[in-house]
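One structure below.
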Amino acid sequence: QVQLVESGGDLVQPGGSLRLSCAASGISLSGYVVEWYRQAPGKQRELVSEITTFGSINYLASVKGRFTGSRDNAKNTVFLQMNSLKPEDTAVYYCKLFGTKYWGQGTQVTVSS
């Protein structure tokens, strides 16, 4: 059974940092492009970042320079380091395997003073 489990979401002040994790079981992440999405209340889900199997990473324009994706194939985990967080980054963050039906359950990130 394939599972993706996100963690690391929290309440943080503007300008703060968080590191999200997406840990997989039942499947090896090394063969997949892994995507990070987010969905804010009342808004559509949007693609934040994607990490290719070769390690190259694409970012949503609004997070470029603040967010950094990475993967640790030995731990079967993908990370999203989020720095200089803004209130508009508040959302539930999900990881997904590109081209598959597999989504994580999401982790809440709230940026507020």
Side-chain angles (χ1 to χ4, degrees):
Q1 181 181 1
V2 176
Q3 278 193 315
L4 300 177
V5 178
E6 301 97 335
S7 61
D10 204 345
L11 170 63
V12 63
Q13 291 188 343
S17 297
L18 287 173
R19 188 193 196 203
L20 304 185
S21 300
C22 171
S25 59
I27 197 167
S28 173
L29 293 182
S30 62
Y32 290 90
V33 173
V34 181
E35 300 171 310
W36 284 99
Y37 285 82
R38 68 185 180 187
Q39 187 164 20
K43 295 188 177 181
Q44 288 193 336
R45 195 170 292 189
E46 63 179 355
L47 178 62
V48 176
S49 175
E50 59 180 10
I51 305 172
T52 72
T53 55
F54 299 103
S56 61
I57 308 169
N58 299 309
Y59 299 98
L60 179 70
S62 62
V63 308
K64 198 173 293 185
R66 300 188 297 121
F67 289 12
T68 303
S70 62
R71 62 195 305 157
D72 186 334
N73 290 334
K75 295 183 178 179
N76 212 24
T77 302
V78 170
F79 303 97
L80 186 67
Q81 177 68 42
M82 306 189 297
N83 298 328
S84 302
L85 283 161
K86 303 176 180 181
E88 51 263 42
D89 295 318
T90 295
V92 179
Y93 285 71
Y94 302 87
C95 60
K96 180 185 182 296
L97 302 189
F98 176 78
T100 76
K101 62 181 179 180
Y102 301 121
W103 288 84
Q105 84 290 349
T107 186
Q108 176 70 48
V109 171
T110 303
V111 185
S112 175
S113 54

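Worth saying up front: this structure is predicted, and the values here are computed from it rather than measured.
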Sequence neighbours left out, what passes side-chain contact (heavy atoms from CB on, under 4.5 Å) with [X]? Give chain and number order.
{"X": "Ile27", "value": "Val2, Ala24, Tyr32, Leu97, Tyr102"}
{"X": "Asn83", "value": "Ser17, Gln81"}
{"X": "Ser112", "value": "Leu11, Thr110"}
{"X": "Ser84", "value": "Arg66"}

Considering residues at least two apart in sequence or located in another chain, which fulfil the side chain to side chain donor-acceptor pair (under 3.5 Å) criterion with [X]?
{"X": "Thr52", "result": "Ser56"}
{"X": "Gln39", "result": "Arg45"}
{"X": "Glu50", "result": "Asn58"}

Where at least one partner belongs to residues 28-110, residue pairs that pass disulfide (SG to SG under 2.5 Å), sequence neighbours excluded: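 Those involving residues 28-110 are Cys22-Cys95.
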
Set of residues satisfying salt bridge (charged side-chain N to carboxylate O under 4.0 Å, His left out) with respect to Glu46, sequence neighbours excluded: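 Salt bridge (charged side-chain N to carboxylate O under 4.0 Å, His left out) list for Glu46, sorted by chain: Arg38.
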
All pairs passing ring-ring contact (aromatic ring centres under 6.0 Å, His included) where residues 38-80 contributes a residue, at least two apart: none

Selection residues 99-113 - residue pairs positive for salt bridge (Lys or Arg N to Asp or Glu O under 4.0 Å), sequence neighbours left out: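 Found none.
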
Members besides Tyr94 in its Ile/Leu/Val/Met/Phe/Trp/Tyr cluster (side-chain heavy atoms under 4.5 Å): Tyr37, Leu47, Val92, Trp103

